[in-house]
Structure formats: structure tokens, C-alpha cells
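Read through the structure below, which is laid out as C-alpha cells, and then see the notes.
All heavy atoms count here, side chains included; hydrogens, waters and symmetry mates do not. Both ligands and their constituent atoms are indexed starting at 1 by order of listing.
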Amino acid sequence: MTMSTPEVTKEQATQPPVKKRTFSGIQPTGNIHLGNYLGAIRNWVETQDQYENVFCIVDLHAITLPIDPKELHENTRRLAAIYLASGLDLQHCKLFVQSHVHQHTELEWILNCFTPMGWLNRMTQFKTKAGDSIDSVSNGLYSYPVLMACDILLYQTHYVPVGDDQRQHIELTRDLAQRFNSLYNQQIFTIPQAQIRDVGARIMSLEDPTKKMSKSDPNPSAYITMLDDPKTIKKKIGRATTDSLRLVKFDNERPGITNLLGIYQSLTRASQEEIEAEFEGKGYGDFKAVLIDRLVDTLRPIQQRYNEILSDRGELERLLKQGADDVRPLAERTVQRAKEVVGLG
Ligand code: TYM
């Protein structure tokens, strides 16, 4: 039996293949740190030409915990400048502020009504963030993962490039999308997949390397921000927790040095064996000096571009408005389909 090859029209042959879509976002809270850069932003930049990308500054998520209004507004612009300074290219990416596209909250209400409480009760990040104040934190903090799911699903996203801490939220997004699609027996939402790298997806605190590096850490020595100057980087790495063994080797039993080596590995892309060979016979002081130089060299050009971008606020506002205008029609199509199948309107 011979199989006939379907004919490719001239038009199809000359069209570029349709790219898969990525979506990701960062909250404009606190200081954007090395974990955010190595776990997320840098990966977005690296693969941006392979995908059709939508990147968001998730300001609606930022109000789930108390935040000063002026600080939120300013942080939102500063985070947009960090995205651009890190190398996001608007030829490949749409960049916008979440609250500028009201479809996020509109879909959230609908999906809230389809999310079993038990699923949200299992979210570990809520428990960590709520801590001892579980009865007084907002309902917004509790349903935060549903808003995150809507961010992703609105744009019919294939891949979500994030750090390791977002894994559970993306599993919930997939479960919600599958539940909704099968309930109405239609493909309303694309089922997304997390994109989590092996290296750099979980950068730990410099003070307590058993804890994740976090924007909300009250101790600024625990993290390197993307805007730290060379002197500050030197001081923070210099005092970063290690141990008394003085052996520059990856070892899960020694989380301090292993975290610093992981940062170096992520910056250099060398293998563990290559890095261990590089520092064979050397002490922590030698290794930390090389790491400091590498960090300073990585962040310096980003910081320069960041200041340039922020010096033209009018242009930044224009870009953000354009980004929201560009993504809104797709978000609206998804909301309309969801409303239709539910019977709203
Ligand atoms: P957020 O703002 O806490 O973090 C932004 C990104 O940085 C990654 N990240 C880390 N990666 C490695 N090591 C660390 N120590 C570290 N800390 C943070 C996070 O994994 C994330 O990729 N819920 C999200 C924001 C969000 C979102 C979305 C993300 C809202 N809607 C839709 C993706 C898609 C959050 O709070 O990230």
C-alpha cells in the first residue's frame, strides 16, 4: 500500500512555521534578585526567538499582601525596565502590565467558580506566605493560584518558563484547564507545560542556604538584587554562609558552598566537573573572588541599560500601553469562549 503525501500549497511552503507560545510573569514586589534572573528572566531572553512570547508584570498578584500604592506603581515601571534591560526584545515579545488587561480578573471569577477548595488547600506557597496569620490574610492570597492560571490560560499558552517554586501552581493550572475543557467537551484552553531548567531553578538564600532566595526576606544580605553595585555584591558573597571544610565541591550535605557553586554554574554554563577542576586545590576565598567578578560582569550592562530605559518614562509608558493593546484581543477571545460555554451573557 502506498501512502500519498498531502500536497503543500505554494502559500504554505513560504510561510514560516507557527511558533508555540510562552507566558510568564513576575510580581513587582520588593527587590528583583538573582533567583528571579537565573530562574526566569535570563531563560526568557535566551529562547525568545524560538517562541511567540507574552511577558507580564503581575501587579494584581502584588496586592494579595499589603503594599504601599506609590511603591507598587513605581515597582511596576522598574520591573518593566529590568525586563527590557535584561534583553527582552519587543520584536519577539509582548510586554504588558496585568491590571491593564481586565480580562485577567474577568476570567478569574469564572475559574474561581470551577476550582475546588481542596485544590487550593493543597497549595504550599499559600501556607508559607500566610504563616501564622491564616485567618487574617486576604481571600486574594488564597485564590492567587487561580489568577495565575488565568494569566496563562488567557493566552492559549504552551510553555511557562519559571523557577522551581512555581511547579505546583502550574500543575493546578493544567488540572483546571483539563477539568474545564472536559466539562464542556471542548478545547477552550490549551494545556500548558512548565519549563523549568535543571540549573538555576532554585537559588537559595545566602544567609540560610536551606531556604529559597526570596524578595520578601527581611535580611537584604540573604539575596543579591539585580541592581546591587559591585561593592555590595562583594560584601554579600564575602559573608555568604559556607562551612569549615573548605572544599570547593558540589555536595548536598553542604548547602552553602553548593548554592554558590550552583550560581556560578548557572552563570558560566560549565559542568559540575569542569567547575570542580577549575577550583581544585583552591579555597573558598579564591572561588568567591571569581564568583564576585562574574556576577559584577553579568549585572553591570543590565544596570546601565536599566538606567537609560528609566530616563525616558514617556517611552516606557508608551511601550506598556502598546503591549496591553496587542495582547487584549487574544485574551478577549478566550474570555468570550469561556463565557459562552458557561452560558453567561
Ligand atoms: P515571583 O514573582 O515570586 O518570581 C518570579 C520568577 O522568579 C522565579 N524565582 C526563582 N527562581 C530560582 N530561584 C529562586 N530563589 C527564585 N525565586 C523566584 C519564580 O519561579 C518565577 O519564575 N506566581 C508567580 C508570578 C506569576 C506567574 C504567572 C508566573 C503570576 N502569574 C503566570 C508564571 C505565569 C510569582 O510569584 O513569581
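Comment: K70 does not engage E74 in a salt bridge, judged by the lack of any side-chain N to carboxylate O separation of less than 4.0 angstrom. Salt bridge annotation for E315-R318: present, with a cationic side-chain nitrogen under 4.0 angstrom from a carboxylate oxygen. R77 and E317 are joined by a salt bridge, as a carboxylate oxygen and a charged side-chain nitrogen come within less than 4.0 angstrom of each other. A salt bridge links R167 with D164: at least one charged nitrogen is closer than 4.0 Å to a carboxylate oxygen. Looking at E46 and R269, a side-chain N of the basic residue comes within less than 4.0 Å of a carboxylate O on the acidic one, giving a salt bridge.
Aromatic ring centres of H92 and F55 lie farther apart than the 6.0 Å criterion allows.
L38 contributes atom CG, which lies 5.5 Å from atom CG of L267 (distance to the nearest 0.5 angstrom). Distance check: R294 CZ to I292 CD1 gives 14.0 Å after rounding to the nearest 0.5 Å.
Residue-ligand proximity, V160 to ligand 1, at heavy-atom distances under 4.0 Å covers atoms 33 (C), 34 (C). Interface atoms of ligand 1 facing A40, defined by a heavy-atom separation under 4.0 Å, are 6 (C), 7 (O), 22 (O). The distance from ligand 1 to the heavy atoms of I152 drops below 4.0 Å at these ligand atoms: 32 (C), 34 (C). Annotation for ligand 1: atoms under 4.0 Å from non-hydrogen atoms of K212 are 15 (N). Those atoms of ligand 1 that come under 4.0 Å of a heavy atom in I203, given as number and element, are 12 (C), 13 (N), 14 (C), 15 (N). Near V162, meaning under 4.0 Å from one of its heavy atoms, ligand 1 places the atoms 22 (O), 33 (C). Counting atoms of ligand 1 from 1 in the listed order, those under 4.0 Å from a heavy atom of F23 are 32 (C), 34 (C). Remark: ligand 1 atoms within the under-4.0 Å shell around heavy atoms of S24 are 33 (C), 34 (C).
Inclusion of M213 in the set of residues having an N or O under 3.5 Å from an N or O of ligand 1 is warranted. Residue Q27 has at least one nitrogen or oxygen atom sitting less than 3.5 Å from a nitrogen or oxygen atom of ligand 1, judged on distance alone.
Scanning the protein for heavy atoms near atom 22 (O) of ligand 1, the closest one is G163 N, 3.1 Å. If you check which protein heavy atom lies closest to atom 35 (C) of ligand 1, you get Y144 OH, 3.3 Å. Protein heavy atom in closest approach to atom 9 (N) of ligand 1: N36 ND2, 3.7 Å. What sits closest to atom 17 (N) of ligand 1 on the protein, heavy atoms only, is H33 CE1, 3.6 Å. If you check which protein heavy atom lies closest to atom 29 (C) of ligand 1, you get G25 O, 3.4 Å. The nearest heavy-atom contact from the protein to atom 37 (O) of ligand 1 is Q166 NE2, 3.7 Å. Protein heavy atom in closest approach to atom 2 (O) of ligand 1: K215 NZ, 2.6 Å. Atom 19 (C) of ligand 1 has its closest protein heavy atom at D165 OD1, 3.2 Å.
E340 and Q336 share no side-chain donor-acceptor pair at under 3.5 Å.
I63 CD1: 12 or fewer foreign heavy atoms inside a 6.0 Å radius. Atom NZ of K234 sits in a sparse spot, with 12 or fewer heavy atoms from other residues, nucleotides or ligands closer than 6.0 Å. The environment of CZ in R313 is crowded: more than 12 heavy-atom neighbours from other residues, nucleotides or ligands sit within 6.0 Å.
For atom 10 (C) of ligand 1, the nearest non-hydrogen atom from the set G39, C56, G35 belongs to G35.
Residue G200 places a heavy atom under 4.0 Å from ligand 1.
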